[in-house]
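Quick notes on the structure that follows.
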Amino acid sequence: MSLSHHSPSSDITLRINGTPHSLTIDNRTTLLDVLRERLGLTGTKKGCDHGQCGACTVLVDGERVNSCLMFAVTAEEREIVSIEGVAALSEGGELHPVQRAFLDHDGLQCGYCTPGQICSAIGALGEAGRGWPSHVTEDTATGVADVSALDAREVRERMSGNLCRCGAYNGIVEAVLEAAGAQDTQDTATVGGAR
């Protein structure tokens, strides 16, 4: 007896960077693979393919998501923003404030992790803006008062899911603090890896 290994597929429409894309895809296809392989949006990087490095981070309905862990079929009817669409989130078509801050603070070296870092930073600032606490927030019941109240310790914790093999962490933290409008942008000397 022969068993068929046919995988079900679906016809879906994904809204990516403001543009709808109608696709027929295998239900097991990740959002990362659709972005890179089907749509040619290669700014989103494939790093570990296990949700551990953050190189594939995109925004889905404004929240940061590891696109290597999300099935594309679950993203239908949601607003997806990859690094290619980040500038459109800012006023007047200029660079997004996080992109500008990364350039100003040298928050990149080889650039491989940078798209995921930038998308993650935008998502993290949105979370802080909604008052979401992190593991290091002093009062988790109250949360964060405002993004401008973030300090280097908070930024390191919030960005800990994004790895940089080049070690550009000091510049990354300074960039996120500047984009947040934080007062203390100098306490970055202890940055290393995640915390």
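- Residues Ile83 and Thr114 are not in side-chain contact: their nearest non-hydrogen atoms beyond the backbone lie 4.5 Å or more apart.
- Proximity of a side-chain donor or acceptor of Asn17 to a complementary backbone N or O of Ser82 within less than 3.5 Å is detected.
- Within the 3.5 Å criterion, the main-chain N or O of Cys56 finds a donor-acceptor partner in the side chain of Ser67.
- Of all heavy-atom pairs between Ala180 and Leu125, the closest is CB-CD2, 3.6 Å.
- The shortest heavy-atom contact between Ala72 and Val34 is CB-CG2, 3.6 Å.
- Once rounded to the nearest 0.5 Å, the distance linking CG of Leu95 with OG of Ser90 reads 7.0 Å.
- Here the side chains of Val58 and Ile16 are not in contact, with every heavy-atom distance at 4.5 Å or above.
- Evaluation of the side chain to side chain donor-acceptor pair (under 3.5 Å) rule for Arg15 yields Glu79 as partners, not counting sequence neighbours.
- Distance check, rounded to the nearest 0.5 Å: CZ of Arg100 to NE2 of His105 gives 11.0 Å.
- Residues Val86 and Val81 form a side-chain contact, since some pair of their non-hydrogen atoms from C-beta on lies under 4.5 Å apart.
- Annotation: side chain of Arg165 is not in contact with side chain of Tyr112 (no heavy-atom distance under 4.5 Å).
- Proximity of Arg158 to Val176: side-chain heavy atoms (C-beta onward) are nowhere separated by under 4.5 Å.
- Rounding to the nearest 0.5 angstrom, the gap separating the CG atom in Leu59 from the CD1 atom in Ile80 is 10.5 Å.
- Shown here are the side chain to side chain donor-acceptor pair (under 3.5 Å) partners of Arg64, two or more places apart in sequence or in another chain: Ser120, Glu127.
- Residues Ile172 and Met159 approach most closely at CG2-CE, 4.3 Å, considering heavy atoms.
- His96 contributes a side-chain N or O that, together with a main-chain N or O of Val98, makes up a donor-acceptor pair within less than 3.5 Å.
- With hydrogens and angles ignored, the 3.5 Å screen pairs a side-chain donor or acceptor of Asn162 with a backbone N or O of Gly116.
- How far CD of Glu154 is from CG of Leu177: 10.5 Å, rounded to the nearest 0.5 Å.
- Of all heavy-atom pairs spanning Cys68 and Thr30, the tightest one is O-CG2, 3.3 Å.
- Note that CZ of Arg38 is 12.5 Å distant from CG of Leu31, once rounded to the nearest 0.5 Å.
- For the pair Val147 and Gly129, the tightest heavy-atom approach, listed with the atom from each and the gap, is CG1-N, 3.4 Å.
- Taking CZ of Phe71 as the start and CG of Asp26 as the end, the distance is 9.0 Å to the nearest 0.5 Å.
- At a threshold of 4.0 Å, the pair Arg78-Glu63 does not count as salt-bridged, since none of the basic side-chain nitrogens sits closer than that to a carboxylate oxygen.
- Using a 4.5 Å heavy-atom threshold, the side chains of Thr29 and Leu23 count as separate.
- Under the 4.5 Å side-chain criterion, counting only non-hydrogen atoms from C-beta, Ile118 is not in contact with Pro115.
- The two residues Trp132 and Val144 have their closest heavy-atom pair at O-CG2, 3.5 Å.
- The residues Asp151 and Arg153 are annotated as not salt-bridged, no charged nitrogen and carboxylate oxygen being separated by less than 4.0 angstrom.
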Side-chain donor-acceptor contacts of residues 41-48 below 3.5 Å, not counting sequence neighbours, with atom names and distances?
{"residue": "Lys45", "atom": "NZ", "partner": "Thr42", "partner atom": "O", "Å": "2.8"}
{"residue": "Lys46", "atom": "NZ", "partner": "Asp33", "partner atom": "OD1", "Å": "2.8"}

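- Although no hydrogens or angles enter the test, the distance criterion places a donor-acceptor pair under 3.5 Å between the side chain of Asp139 and the main chain of Ala141.
- Ile122 and Val65 fall into different hydrophobic clusters, defined by Ile, Leu, Val, Met, Phe, Trp and Tyr side-chain heavy atoms under 4.5 Å apart, directly or through other members.
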